[in-house]
Amino acid sequence: NAPSHVAVRKGALSVSKMNRSDGGKQPIITQMGWFETLDVATGMTKKVEQQMWYLGSDGTRIAKGALHICRERGLPGIEDMRLCELRALLSSQPDFRALKPEIQEEAERRGHILLFGPKCHPECMHVEMCWSHIKQYCRKHCGQSITSLRACLDYAISTQHLTVHHHTTFSDHTWKWIEAYAHEADGIVVYESLKALKKNHRHHRKGSYQAVPLPI
């Protein structure tokens, strides 16, 4: 996955750039946080909203540090914690755990489901095989010019060239790899199949879409 795939929107509940103390160069978190606490009057837990900044004496917003946020939440044993430990503690909180990458939020807002594949495993990625098929066509027909390349690309990504049959074949192949990896006892089968791909195809993406039968 590219770094852009896990980037969060500006002002989101993220601990990655949070300081231990208040202020400094840490970004202002505008998203409202929340935590649960015990209501003494009712004996039940209640959700309390938490603002991640406060106004300074000059009226400017000052970002709360990790220690400040943990104190407001009443988390125990935090005073002697280092920044990395405070970040890890906050990352385990329900509101911070609910953080999603910006691209995922946008996809879900439009009614889609976004699934991230495993890193460094193009053989498990349907899109890698689609791009391989597209680039293979463009290399053969682009005519070594930008104009013809654009024309080739328009056709290569169309349903006339990248048909339902291709998607079905690619999907079936990726799921065979995923199922093979899921069966730890069949690890040797996966290794031998991958070795066969590397032997016949030097480029891992070009080789990944060539179907290799896996005895699952």
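Excluded from the calculations below are hydrogen atoms, water molecules and symmetry mates; all remaining heavy atoms, backbone and side chain alike, are included.
Applying the ring pair (Phe, Tyr, Trp, His ring centres under 6.0 Å) rule to Y137 yields the partners H141, Y155, H161; only residues at least two apart in sequence or on another chain are considered. Here D172 pairs with K176 under the salt bridge (Lys or Arg N to Asp or Glu O under 4.0 Å) rule; sequence neighbours left out. For L38, there are no side-chain contact (heavy atoms from CB on, under 4.5 Å) partners, not counting sequence neighbours. In this structure K17 satisfies the salt bridge (Lys or Arg N to Asp or Glu O under 4.0 Å) test with no other residue, sequence neighbours excluded.
Heavy atoms only, all atoms of each residue included: P101 and V8 are closest at CA-CG1, 4.3 Å. Residues G11 and I29 share a closest heavy-atom pair of O-CG2, 3.5 Å. Taking every heavy atom of both residues into account, L149 and C138 meet most closely at CD1-CB, 4.1 Å.
In this structure, S91 OG and L99 CG are separated by 9.0 Å, a value rounded to the nearest 0.5 Å. In this structure, CD1 on I28 lies 10.0 Å from CD on Q51, to the nearest 0.5 angstrom. Interatomic distance, L114 CG to E108 CD, rounded to the nearest 0.5 Å: 7.5 Å. Note that the SG atom of C152 and the NZ atom of K140 stand 12.5 Å from one another [nearest 0.5 Å]. Once rounded to the nearest 0.5 Å, the distance linking CG of L13 with CD of Q93 reads 11.0 Å. Here the CH2-CD1 distance, from W131 to I157, works out to 7.0 Å after rounding to the nearest 0.5 Å.
Below 30°, between 30° and 60°, or above 60°: for H68 and Y54 the angle between ring planes is between 30° and 60°, a tilted geometry.
None of K25, Q26, K64 except one satisfies the side-chain contact (heavy atoms from CB on, under 4.5 Å) rule with N19; the exception is Q26. Checking each of H126, H133, H173 against H166 for a ring pair (Phe, Tyr, Trp, His ring centres under 6.0 Å) leaves exactly one that passes, namely H133.
Counting heavy atoms from C-beta on, the side chains of T169 and M129 never come closer than 4.5 Å. Between F170 and L162 there is a side-chain heavy-atom pair separated by less than 4.5 Å. Two residues are said to be in side-chain contact when any heavy atoms from C-beta on lie closer than 4.5 Å; I134 and L153 meet this criterion.
Side-chain heavy atoms closer than 4.5 Å link hydrophobic residues (I, L, V, M, F, W, Y) into clusters, and following such links, possibly through other members, connects L67 to L75.
Taking the charged nitrogens against the carboxylate oxygens, R110 and E106 do have a contact shorter than 4.0 Å, which makes a salt bridge.
Remark: side-chain polar atoms of S171 are not paired, donor with acceptor, to backbone N or O of H167 under 3.5 angstrom. D95 contributes a side-chain N or O that, together with a main-chain N or O of W34, makes up a donor-acceptor pair within less than 3.5 Å. One N or O on the side chain of D22 and one on the backbone of G65 form a donor-acceptor pair closer than 3.5 Å.
Within 6.0 Å of the CG atom in L55, the count of heavy atoms belonging to other residues, nucleotides or ligands exceeds 12. By the 6.0 Å contact criterion, CH2 on W53 is enclosed, its count of non-hydrogen atoms from other residues, nucleotides or ligands being greater than 12.
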Scan the side chains in residues 79-87 for donor-acceptor partners under 3.5 Å anywhere in the protein, sequence neighbours excluded, and list what turns up.
from, atom 1, to, atom 2, distance (Å)
E79, OE1, R71, NH2, 2.9
E79, OE2, R71, NE, 3.2
E85, OE1, R82, N, 2.8
R87, NE, V15, O, 3.1
R87, NE, M18, O, 3.1
R87, NH1, S16, O, 3.3
R87, NH2, S16, O, 3.3
R87, NH2, M18, O, 2.7

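A salt bridge (Lys or Arg N to Asp or Glu O under 4.0 Å) check over residues 44-55, counting only residues at least two apart or in different chains, returns nothing.
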